[in-house]
Amino acid sequence: MTRTGKITLGKFGIKEKDFSKALNRYLIENGKLQSGHEADLIYIDLSDKSLGTMFNVYDAKVFYAIDHHVEDEDNINLILKHYKGGRSARDFSGIDSRRRDMLVYEATVLKNLDDYVPKFCYSGKNVLIMEDIGELTLESALLNMPLFRGRIDTDNKLFENLIDRVAGFHSGLEDIVTSGKFKNHTTPDYVGRFSTYIGEIFSGINGGEEEIPPDLEKRFREAFLPIASIFYRGRLNENGGQMSTQPIHEDLHPPHIFYRTSKTGELKAYFIDFRPTMGPVQFDLVDLLRHPRVYPYLKDGEEKVDRLLRSYMRERLKIINKKLGGEINPRTAADIMRSTTEDDAQAIPLSPDFDPADLTTEVSDKSFNEFKTMFQLSRVYRGIRSASKNYSSSMRKPELYKQYVGQNKNYPLYPASYLGDVVDACEELHSNTSKYPVDSKTMMGIQTIHGLIEKEFSGVLKKRNKIITKLKIKDEDLL
């Protein structure tokens, strides 16, 4: 006897027939169902769930019918993502919002990167349903060390493995856009955003009751202009250097990194909550490696960061070499590892016993210094952004902010950590001009930003050491 059932999805604008078809396809693609044995009966009820959150996890019970007899059943955890609503928009139809762009990005593009992201089984005009990838985020692991020790390898390989995953993910994003499959990305207004972030910080420090003086905001903005110019062109100078701009995650913080067990039994990192944004890859690396919850645990501090950045570069080169079938053009190798200038491309000595594999894993000092310089400049921008987001949530989303603080009592200290990291980045750039090649105009901007932060936000900076002391685990080098 064929069994049929009702799927209650209408409240979310989901057509039951389309969803049933999509879910069956998802089950087949993931090895849970053989083709030809589609499920006749699917129980999933979303109608009684709140629309107030971005993520909800649901349990779908699927019955497989073979020759009109119920053969087996399985429970599948799914995540529903939907538009929160607000303002005049009720759904995604007829609006052009960043939230909608994010959902379209995930549903239509990242499905091709299923080794790095959750798989999607359905996408509609205002909702996505994707597989549940568990509850263990990098943030939850770092907030709960016993859980961390029990489920993630702590033999100093965690971040090496994670950086390799980020490199693979970046390579996949670059392939999607360069192939022309996805063009709905944006290049941020760096200067405008920087001004907004500075204003949010100033207002947050003053309890939300005072706006930043126009002349102070102007000084910050003008100092940042030469740095923004570097981000826009993706190179340190007009004549060459590494091109760092490509599609990026744009919000690669610990809460957006999930770990789950792969088919081979190892825990692998997966990434959620993307922004369809073009920018330097160093933005994502800064968001991860300079996060207040992450950096205090890195063994050897800055030396560890350098090793991880070199590891990232090597992994990208390995991926490029693999795409080329193990044969790398000397000009391509020079462009990636040294510079895009003609002289450098011709300067690579090739011997009769030259092995392309040796070249693709090399990261020259010049190449690394250029990459690290962009990383340092990214610390200035991303640190200001992150401090601003913290203050903004405390002023505009007090209930959500209370939830953050409830989960992590050190969360209010994050702005001090971020602003302190901006100061450190400025000092490192200024004190080592031979290693970090920036032009004089950019360096003047860096010095101005440094001075303004130390003068205007001095009270916040004094709190910085508290978070390092509270977060760092003594007598144990976990990472």
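These figures come from a predicted structure and were not determined experimentally. Here, residue 1 is the first one in the sequence, and each next residue gets the next number.
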Problem - Pair Gln246-Val281, side chain to side chain contact (heavy atoms under 4.5 Å, CB included): steps then yes or no - result: CA-CA 7 Å; Gln246 67 150 77; Val281 296; 3.5 Å; yes
Can you tell me if [X] uses its side chain to pair, donor with acceptor, with the backbone of [Y] under 3.5 Å?
| X | Y | answer |
| --- | --- | --- |
| His249 | Asp251 | yes |
| Thr196 | Gly192 | yes |
| Ser203 | Gly199 | no |
| Thr373 | Asn369 | yes |
| Glu217 | Ile212 | no |
| Arg310 | Val363 | yes |
| Ser378 | Met374 | yes |

Please enumerate all residues that pass side-chain contact (heavy atoms from CB on, under 4.5 Å) together with [X], with sequence neighbours excluded.
| X | result |
| --- | --- |
| Pro415 | Ala387, Asn390, Tyr391 |
| Pro254 | Leu138, Glu139, His291, Val294 |
| Lys441 | Pro226, Asp439 |

Check: [Y] and [X] side chains under 4.5 Å, non-hydrogen atoms:
| X | Y | result |
| --- | --- | --- |
| Leu236 | Pro437 | yes |
| Asp164 | Ser311 | yes |
| Ile248 | Leu173 | no |
| Met278 | Pro188 | no |
| Val305 | Leu285 | no |
| Asn410 | Val405 | no |
| Asn321 | Leu317 | no |
| Phe194 | Ile227 | no |

So which heavy atom on [X] is nearest to which on [Y], and how close?
| X | Y | value |
| --- | --- | --- |
| Ile257 | Leu288 | CD1-CD1, 3.7 Å |
| Met313 | Phe368 | SD-CD1, 3.9 Å |
| Ala416 | Val460 | CB-O, 3.3 Å |
| Arg165 | Ala269 | NH2-O, 2.7 Å |
| Pro118 | Ile272 | CG-CG2, 3.9 Å |
| Leu289 | Tyr295 | O-CB, 3.5 Å |

Exercise for the section: Run the ring-centre check on Phe283 versus Phe231 and record whether the distance is less than 6.0 Å. Expected result: yes
Handout entry: Of all pairs that satisfy salt bridge (charged side-chain N to carboxylate O under 4.0 Å, His left out), the ones with a partner from residues 448-461, not counting sequence neighbours
Key = none
Fill in the blank from the handout: Contacts satisfying salt bridge (charged side-chain N to carboxylate O under 4.0 Å, His left out) that involve residues 196-205 (not counting sequence neighbours) are Glu200-Arg396
Handout entry: Parallel, tilted or perpendicular: rings of Tyr190 and Tyr232 (30°, 60°)
Key =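 Judged by the thresholds at 30° and 60°, the geometry between Tyr232 and Tyr190 is tilted.
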Problem - Arg290 NZ/CZ over Tyr418 ring centroid, <6.0 Å and within 45° of normal - result: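 Judged by the rule, Arg290 and Tyr418 form no cation-pi pair.
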Residues which pass ring-ring contact (aromatic ring centres under 6.0 Å, His included) with [X], listed by chain and number, not counting sequence neighbours:
| X | result |
| --- | --- |
| His256 | none |
| Tyr312 | His170, Phe371 |
| Tyr401 | Tyr411 |

Quick test of your reading of the model: are [X] and [Y] salt-bridged, counting only N-O distances below 4.0 Å?
| X | Y | result |
| --- | --- | --- |
| Glu250 | Arg382 | yes |
| Glu160 | Lys304 | yes |
| Lys435 | Glu370 | no |

Practice task
Any chance you could lay out the side chain to side chain contact (heavy atoms under 4.5 Å, CB included) test for Thr448 and Phe224, step after step, and finish with the verdict?
Solution key: CA-CA 9 Å; Thr448 300; Phe224 181 69; over 6 Å; no
Practice task
Determine, step by step, whether Arg260 and Glu131 satisfy the salt bridge (charged side-chain N to carboxylate O under 4.0 Å, His left out) criterion, reporting the C-alpha distance in whole Å, the side-chain angles of both residues, the deciding distance to 0.1 Å, and the verdict.
Solution key: CA-CA 12 Å; Arg260 70 172 178 183; Glu131 63 179 327; 3.3 Å; yes
Problem - Full working for side chain to side chain contact (heavy atoms under 4.5 Å, CB included) between Ile446 and Thr442 - result: CA-CA 6 Å; Ile446 291 168; Thr442 302; 4.1 Å; yes
Distance-only check: which donor-acceptor pairs under 3.5 Å involve side-chain atoms of residues 422-430, not counting sequence neighbours?
{"from": "Asp424", "atom 1": "OD1", "to": "Arg464", "atom 2": "NH1", "distance (Å)": "3.4"}
{"from": "Asp424", "atom 1": "OD2", "to": "Arg464", "atom 2": "NH1", "distance (Å)": "2.8"}
{"from": "Asp424", "atom 1": "OD2", "to": "Arg464", "atom 2": "NH2", "distance (Å)": "2.8"}
{"from": "Glu427", "atom 1": "OE2", "to": "His450", "atom 2": "NE2", "distance (Å)": "3.3"}
{"from": "Glu428", "atom 1": "OE1", "to": "Gln376", "atom 2": "NE2", "distance (Å)": "2.6"}
{"from": "Glu428", "atom 1": "OE1", "to": "Arg379", "atom 2": "NH1", "distance (Å)": "3.1"}
{"from": "His430", "atom 1": "NE2", "to": "Gln447", "atom 2": "NE2", "distance (Å)": "2.9"}

All side-chain hydrogen bond (donor to acceptor under 3.5 Å, both in side chains) counterparts of [X], not counting sequence neighbours:
| X | answer |
| --- | --- |
| Ser394 | none |
| Asp306 | Lys372 |
| Asn432 | Ser434 |

Handout entry: Full working for side chain to side chain contact (heavy atoms under 4.5 Å, CB included) between Phe220 and Ile453
Key = CA-CA 9 Å; Phe220 267 112; Ile453 290 176; 4.0 Å; yes
Handout entry: Met444 atom CE, over 12 foreign heavy atoms within 6.0 Å
Key =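 Open: at most 12 neighbouring heavy atoms sit under 6.0 Å from CE of Met444.
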Exercise for the section: Give, for atom OH of Tyr381 and atom OG of Ser386, the distance between the pair rounded to the nearest 0.5 Å. Expected result: 10.0 Å
Exercise for the section: Evaluate the ring-ring contact (aromatic ring centres under 6.0 Å, His included) criterion for residues Tyr270 and Tyr116: first the C-alpha distance (whole Å), next the side-chain angles of each, then the deciding distance (0.1 Å), finally the verdict. Expected result: CA-CA 5 Å; Tyr270 291 80; Tyr116 298 96; 7.8 Å; no
Practice task
Go through Arg316 and Ser171 one step at a time and tell me if the side chain to side chain donor-acceptor pair (under 3.5 Å) criterion holds.
Solution key: CA-CA 7 Å; Arg316 291 296 299 265; Ser171 294; 2.9 Å; yes
